[in-house]
Structures are given as C-alpha cells and as structure tokens.
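Remarks on the structure that follows.
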Amino acid sequence: MTEYTTEYLSENIERYIPNPDIYKWNQSYYFNFYDREQKTGGFFRIGILENVGEINCFAIFFKDGKPLFTRINMNLPYTAERLDPGITVAGITMRATKSQQTAIVKIETDDFNAELEWDLIHPMGDSIALSKCGEGDAIAKELTYVHPEGFCRVVGDIHLRTGETIHINDKGFRDLSVGPRNWTGLIHYRLAWPIFDNGISCVAVHGITTHGDSYQKILHDGERWLTLEKVEETITYEDDDIGFKHVHWKVWDENGKLYEFTGVPLFRWQFPYDSFMFVEQMMEYTMADGTKGYGMGEGGFSFPWQGNGN
C-alpha cells in the first residue's frame, strides 16, 4: 500500500501516482512564458483526473495582445501517460527531459507548430510546504498536497501557417501538482506570479474559500526561497468584474522585508470548467523602485456567481 507522504509525492510528482481513494485525485502540469522582445506569450496546462476518467488541457498563444492559437479541451478521455516520460493530449505534448529541472511543451497541428523548453533558473519551491499550510488550510486540503513552483529560462520556436517563425528567448513559470482538485471549494482566488529583472520572483495566491481565506505565499530573493509572512493586495477590475484592470500587491518575507509591486494586463483569456471559470492574464509588473517584471495574474470564480472578492 502506497504511503502518500510529502517526500514520496515530491519525488515522484512528474510520474504516475495513483490514488483510488480520492475521487477527484489530480495530477497536473502547468507552464507559461512571455517574451518581451517578441511581445509573445502563452499558457499551457494538462490536468489528469484519473478516477473521474478525464483529462483537461489548454494551450493559449498570443502576440501583441491578440490570440495566435487557442486550444481548450476540458473533458477528454483518460490516459495513463505522465510528464515523465511524456504525455500527449489533443496535439499538446509535455515531456520532462531532466527530472524537475527541464521540460518541453510541443504543439503540433496542421496549421500551427511550436516547441519550447523550460529550464529552471533555481530549484523549485513547494508553495504548500513553504507557505506552512496546515491540515485545515483549504488550498492544501481541497486543491493540492504538493505544489512545486519554478521560474525558468524559456527558449524555442513558434511556426505560424503564414510561414513566419517567432524565436522565443525570455522567461517563464512552471508548476507541478498532485492531490485532490475540488474547485467548488473555492469561491474566488486571485494570484500574482511575477518574474522581475533583478532576480526576485514571487508566488502570491489568495484563495477565498468556503472555509475562509487561504494562501500560497513564497518569494525567491535571487538566492533562496523565503516564506511570506503577510500578503495584501488591491485588485481593480474591469467593468465586467472579471478581468484585472490594475493590481497592487504588498508582500512581507519571513525577515519582515516589504516587496511592493503593481501590475497591468498585456493579454487576457478566459474559459469555463463546469461550475468554475479561469481568467488567465499575462501582466507587466513594476516594483516600487521601477524594476520591471512579467508573469501571470490569474483569477478564478465559482458559479453561481458569488463575487470577485472585493
């Protein structure tokens, strides 16, 4: 009988980990990137619900604030493939080439092809463990047991049906997840994943749940991962109450140091998943000293509509 310790889950997180006792047992792989020179970015995920018998996936590319390619499939048949040694779903391939260090994402269709490599700049940090989430924490209990996050150099090529090739060489984000995935336990969440030019990167997630407020909150100062002791955010929404218009985050690390940054969206894409909706936004972030950064600004909303947390 498998003992689902943090150590076991962390070591095998890119491989097949079954758990027949939790109906919505989830393994997922997420990637994003933004190349500022090309003004091109993307978001990619494969989520595996083995006991439900379903896979969900998406691949969204954009350039100059407009879509380049979009593929979203939320209820595909199950496959036993995993990131290690590789998984292909609906023309989207994800493969670990060096365990928890390097991975590729490939898109292969009749009129669009891309192959990009994510290579970690620092070792990944488990935002559940580092955030000191207790057993009663809603994110740790309902959404994931182990959740390593990493900031990466991203390189590769995108080939358009026009014959144009876009060469990518900038930064991006990736995460891994294993555990339950009960989206209905969340009323709303908002997050910021900036990668700044001075080497600082942040994972700030504020979940508003049926059990109260819940957080994933860690920061890499360029040398090591730090726990964030306090997070405050002000989200200004578009008129539809869904998209971010402007964000202002303040986070304090375990030593009491304040990091403050604002953000505005460069691109937005949204899609439903039954009784939940995700809003993916690539943001340009600015620290209080003017340092620029880029990365995700994401929101999630439960149905029936219960508000956006403001």
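Keep in mind that this is a model prediction, so the values were computed, not measured. Any value given below was found using the heavy atoms of this structure, including those in side chains, with hydrogens, waters and symmetry copies removed.
Aromatic ring centres of Phe271 and Tyr273: separated by at least 6.0 Å.
A perpendicular orientation is assigned to the rings of Tyr4 and Tyr8, their planes being inclined by more than 60° (bins at 30° and 60°). Under the 30°/60° scheme for interplanar angles, the aromatic rings of Phe33 and Phe44 are found to lie parallel. Taking the six-membered ring where the residue is Trp, Phe112 and Phe61 present tilted rings, their angle falling between 30° and 60°. In this pair, Tyr237 and Phe244 present their aromatic rings perpendicular. The plane angle is above 60°, beyond the 30 to 60° band. A parallel orientation is assigned to the rings of Phe173 and Trp193, their planes being inclined by less than 30° (bins at 30° and 60°). Using cut-offs of 30° and 60° for the angle between ring planes, the Phe267 and Phe43 rings count as parallel.
Between Ile72 and Trp269, the closest side-chain pair of non-hydrogen atoms falls below 4.5 Å.
No side-chain donor-acceptor contact under 3.5 Å links His248 and Glu232. Side-chain N/O atoms of His188 and Gln306 include no donor and acceptor closer than 3.5 Å. Using modelled atom types, one finds no donor on one side chain facing an acceptor on the other under 3.5 Å when comparing Ser201 with His220. A side-chain N or O of Glu298 and one of Tyr189 form a donor-acceptor pair less than 3.5 Å apart. Looking at Lys292 and Thr286, their side chains do bring a donor and an acceptor atom within 3.5 Å of each other. A donor-acceptor contact under 3.5 angstrom links the side chains of Asp137 and Ser214, judged on distance only. Looking at Asn308 and Arg190, their side chains never bring a donor and an acceptor atom within 3.5 Å of each other. There is no side-chain donor-acceptor pair under 3.5 Å between Asp126 and His147.
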Ring pair (Phe, Tyr, Trp, His ring centres under 6.0 Å) for Phe31 and Tyr29? Distances and angles first, verdict last. CA-CA 7 Å; Phe31 300 82; Tyr29 319 115; 7.9 Å; no
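In this view, Ser127 and Glu149, Gln216 satisfy the side chain to side chain donor-acceptor pair (under 3.5 Å) rule, not counting sequence neighbours.
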